[in-house]
Amino acid sequence: MSVNIKDNGSRSLNRAVQTETRTNSRIETEAGVRADSYSTSNKSPTVHSSRRKVGNPVILAIDLVSILIGLYGFYTSVFVIELPPHLAQAGHGQFLTNLSLVYSLVVFAIGFLAHLTASQSLFKLKNNLHPIGLALETIVAGVYWPLRLFFLHLLTKEPSKFNFPLLTDLSVHLMPIVSLLIDYLVFMPRWTIENNTALSFIVAFMVFYWFLLKNLVDTANGASYPYEFLDVGTDLYRVGVFGVVGMVAFSQFLFMKKVYDVVVGSTEDAQEEIDKKLQ
């Protein structure tokens, strides 16, 4: 009888020890999980995830440099370079280059302020304005540089007298699209603007530019359109040119969205997976 009591006591004691051991092990495991979770949540964000958020100092500096270069280009092209007589009457506001440069400067300025103040509202506003700016600068660079290099007679009435300073040329015809592309491909989240909204903006701008030229360019008094390829044919021909330009701009918008999803998005997702495995 005493032996059974001792055996039962030993078994009870063993069960109690085992239960306490399992309880302690579970507590230690839960504590370790909490510690790991705390450690993971407090790790500094990876470069690829943080660079597309507001407050990035790199794109802040790029925006500042773009503003300074753009202002230089605008000042020299508008206030230093004199227009030939057939363009002087309509002034510098007739050039799509200057209009798109002003738009791009607004985008750069809003982006600079957004990153400087870490303002989400300004960051969102800049990201919604950016696609139209990139579409306009794509038209400017895509039309200007081929004509400038190979078909100058389609750009200006007097090719032999065309003398545009190189630094100004690069500032107004190249810098904007390069800066906007860098921002889009490296520092921006995906565009959220809808296709219909972008198309409406492009059509509205083309209509605005059409009536602006009709108001500024007085062909009856010897004035010419700012670009030689517009200074031929009839209004119907020019409507066709504007339509083609608008379609190219919208196609560029759709293409760049696809580039982001296919190229940028895939590389970002791959980088996130690598970072998760390394954590």
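Source: prediction; values computed, not measured. Worth knowing before you read on, the calculation uses all heavy atoms, side chains too, and leaves out hydrogens, waters and symmetry mates.
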Q: Rounded at 0.5 Å granularity, tell me how far CD in Q89 sits from OG in S224.
A: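 Rounded to the nearest 0.5 Å, the CD-OG separation comes out at 10.0 Å.
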Q: Is the closest side-chain heavy-atom distance between F74 and V172 below 4.5 Å?
A: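 In short, these two side chains do not touch, never coming nearer than 4.5 Å.
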Q: Using modelled atom types and a 3.5 Å cut-off, is there a donor and acceptor pairing between side-chain atoms of H130 and backbone atoms of V107?
A: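 Here the side-chain-to-backbone pair does not exist.
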Q: Among all residues two or more places apart in sequence or in another chain, which pass the side chain to side chain contact (heavy atoms under 4.5 Å, CB included) test with K257?
A: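 Scan of K257 (side chain to side chain contact (heavy atoms under 4.5 Å, CB included), adjacent residues dropped) gives W191, N195, F253.
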Q: Is there a continuous path of hydrophobic side-chain contacts, each under 4.5 Å between heavy atoms, that joins V248 to F255?
A: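 Each belongs to a different hydrophobic cluster.
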Q: If you measure from CG on L68 to CG on D63, what distance do you get to the nearest 0.5 Å?
A: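 Here the interatomic distance stands at 11.0 Å.
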Q: Output all residues satisfying side-chain hydrogen bond (donor to acceptor under 3.5 Å, both in side chains) with H173, sequence neighbours left out; order by chain, then residue number.
A: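 Partners of H173 by the side-chain hydrogen bond (donor to acceptor under 3.5 Å, both in side chains) criterion, ordered by chain and then number, come out as T97, D169.
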Q: Sequence neighbours left out, what passes ring-ring contact (aromatic ring centres under 6.0 Å, His included) with Y103? Give chain and number order.
A: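 Listed in chain order: nothing, the list is empty.
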Q: Just to verify, what does N98 make a side-chain hydrogen bond (donor to acceptor under 3.5 Å, both in side chains) with, not counting sequence neighbours?
A: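 Partners of N98 by the side-chain hydrogen bond (donor to acceptor under 3.5 Å, both in side chains) criterion come out as none, since no residue qualifies.
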Q: Please confirm whether the backbone N or O of L96 pairs with a side-chain atom of S100, one donor and one acceptor, at under 3.5 Å?
A: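 A pair under 3.5 Å: yes.
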Q: Tell me whether the count of non-hydrogen atoms from other residues, nucleotides or ligands lying under 6.0 Å of CZ in F201 goes above 12.
A: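 Open.
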Q: For the residue pair L105 and S66, what are the closest heavy atoms and their distance?
A: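 Looks like CD2-O, 4.2 Å.
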Q: L134 and M256: which non-hydrogen atoms are nearest, and at how many Å?
A: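 Closest approach of L134 to M256: CD2-CG, 4.2 Å.
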Q: Mind listing the side-chain donor-acceptor pairs of residues 146-166 below 3.5 Å, one per line with the distance, residues two or more places apart or on another chain?
A:
| unit_1 | atom_1 | unit_2 | atom_2 | d |
| --- | --- | --- | --- | --- |
| R148 | NE | Y144 | OH | 3.4 |
| T156 | OG1 | E158 | N | 3.4 |
| K157 | NZ | D231 | OD2 | 3.3 |

Q: Report, one line per pair, each donor and acceptor closer than 3.5 Å where one atom sits in a side chain of residues 237-247; sequence neighbours left out.
A:
| unit_1 | atom_1 | unit_2 | atom_2 | d |
| --- | --- | --- | --- | --- |
| Y237 | OH | F229 | O | 3.0 |
| R238 | NE | D235 | OD1 | 3.4 |
| R238 | NH1 | L230 | O | 2.8 |
| R238 | NH1 | V232 | O | 3.4 |
| R238 | NH2 | D235 | OD1 | 3.1 |

Q: Does any N or O in the side chain of H115 come within less than 3.5 Å of the main-chain N or O of G55, such that one atom is a donor and the other an acceptor?
A: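 Yes, because the side chain of H115 sits within donor-acceptor range (under 3.5 Å) of the backbone of G55.
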Q: Is any side-chain heavy atom of L101 closer than 4.5 Å to one of F95?
A: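 F95 vs L101: side chains apart.
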Q: To the nearest 0.5 Å, tell me how far L122 CG sits from L113 CG.
A: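 It comes to 6.5 Å.
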Q: Sorted by first residue and then second, give each salt bridge (Lys or Arg N to Asp or Glu O under 4.0 Å) pair with at least one member in residues 98-124; sequence neighbours left out.
A: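 Output for this query is empty, none listed.
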Q: Does I132 belong to the same Ile/Leu/Val/Met/Phe/Trp/Tyr cluster as L125, with side-chain heavy atoms less than 4.5 Å apart forming each link?
A: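 Yes, I132 and L125 fall within the same hydrophobic cluster.
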Q: Could you state the interatomic distance from CZ (F108) to CD1 (I59), rounded to the nearest 0.5 Å?
A: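 Taking CZ in F108 and CD1 in I59, the distance rounds to 8.5 Å.
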Q: Output all residues satisfying side chain to side chain contact (heavy atoms under 4.5 Å, CB included) with V217, sequence neighbours left out; order by chain, then residue number.
A: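 Applying side chain to side chain contact (heavy atoms under 4.5 Å, CB included) to V217 gives A90, Q94, L213, T219, A223, Y225, P226.
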Q: I'd like to know if the side chain of S179 reaches the main chain of P176, judged simply by a donor and an acceptor atom lying under 3.5 Å from each other, with no hydrogens or angles considered.
A: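 Pair absent, no side-chain N/O of S179 close to backbone of P176.
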Q: CD/E137 to OG/S104 distance, rounded to the nearest 0.5 angstrom?
A: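 Result: 3.5 Å between the selected atoms.
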Q: Quick check: do L181 and V178 have side-chain heavy atoms less than 4.5 Å from each other?
A: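 They are not in side-chain contact.
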Q: Give the C-alpha distance, both sets of side-chain angles, the deciding distance and a yes or no for side chain to side chain contact (heavy atoms under 4.5 Å, CB included) between I177 and V140.
A: CA-CA 9 Å; I177 188 174; V140 170; over 6 Å; no
Q: Indicate, with yes or no, if L180 and I193 share a hydrophobic cluster defined by side-chain heavy-atom contacts under 4.5 Å among Ile, Leu, Val, Met, Phe, Trp and Tyr.
A: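 Per the 4.5 Å side-chain linkage, I193 and L180 are co-clustered.
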Q: Same cluster or not: L236 versus M206, using hydrophobic residues (I, L, V, M, F, W, Y) connected whenever any side-chain heavy atoms lie under 4.5 Å apart?
A: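 They do not share one cluster, since no chain of ILVMFWY contacts under 4.5 Å joins L236 to M206.
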Q: Ignoring hydrogens and angles, state whether a donor on the side chain of N128 or T192 is under 3.5 Å from an acceptor on the partner side chain.
A: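 Note: N128 and T192 side chains meet the donor-acceptor criterion.
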Q: Honestly curious: do I62 and L64 fall in one hydrophobic cluster under the side-chain, below-4.5 Å linking rule?
A: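 Yes, one cluster joins them.
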Q: Using the side chain to side chain contact (heavy atoms under 4.5 Å, CB included) criterion, which residues pair with S121? Sequence neighbours excluded.
A: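 Counting only residues at least two positions away or on another chain, S121 forms a side chain to side chain contact (heavy atoms under 4.5 Å, CB included) with S119.
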Q: Could you walk me through whether Y260 and R190 pass side chain to side chain contact (heavy atoms under 4.5 Å, CB included), step by step?
A: CA-CA 7 Å; Y260 195 108; R190 285 178 174 86; 3.1 Å; yes
Q: Which hydrophobic side chains are connected to Y72, either touching it within the sub-4.5 Å cutoff or through other members that do?
A: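 Traced through the cluster, Y72 reaches L167.
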Q: Enumerate the salt bridge (Lys or Arg N to Asp or Glu O under 4.0 Å) contacts for residues 74-103, please, sequence neighbours excluded, ordered by first and then second residue.
A: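 Listed once each, the pairs would be none.
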Q: Counting C-beta onward and ignoring hydrogens, is there a side-chain heavy-atom pair between L99 and L212 closer than 4.5 Å?
A: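 L99 vs L212: side chains touch.
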Q: What are the two closest heavy atoms between I202 and A135, and how far apart are they?
A: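 Closest approach of I202 to A135: CD1-CB, 4.5 Å.
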Q: Nearest 0.5 angstrom please: K214 NZ to Y209 OH, how far?
A: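 Going from NZ on K214 over to OH on Y209, the span is 13.0 Å.
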Q: Just to verify, what does I69 make a side chain to side chain contact (heavy atoms under 4.5 Å, CB included) with, not counting sequence neighbours?
A: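 With neighbours one apart ignored, the set is V65, S171, M175.
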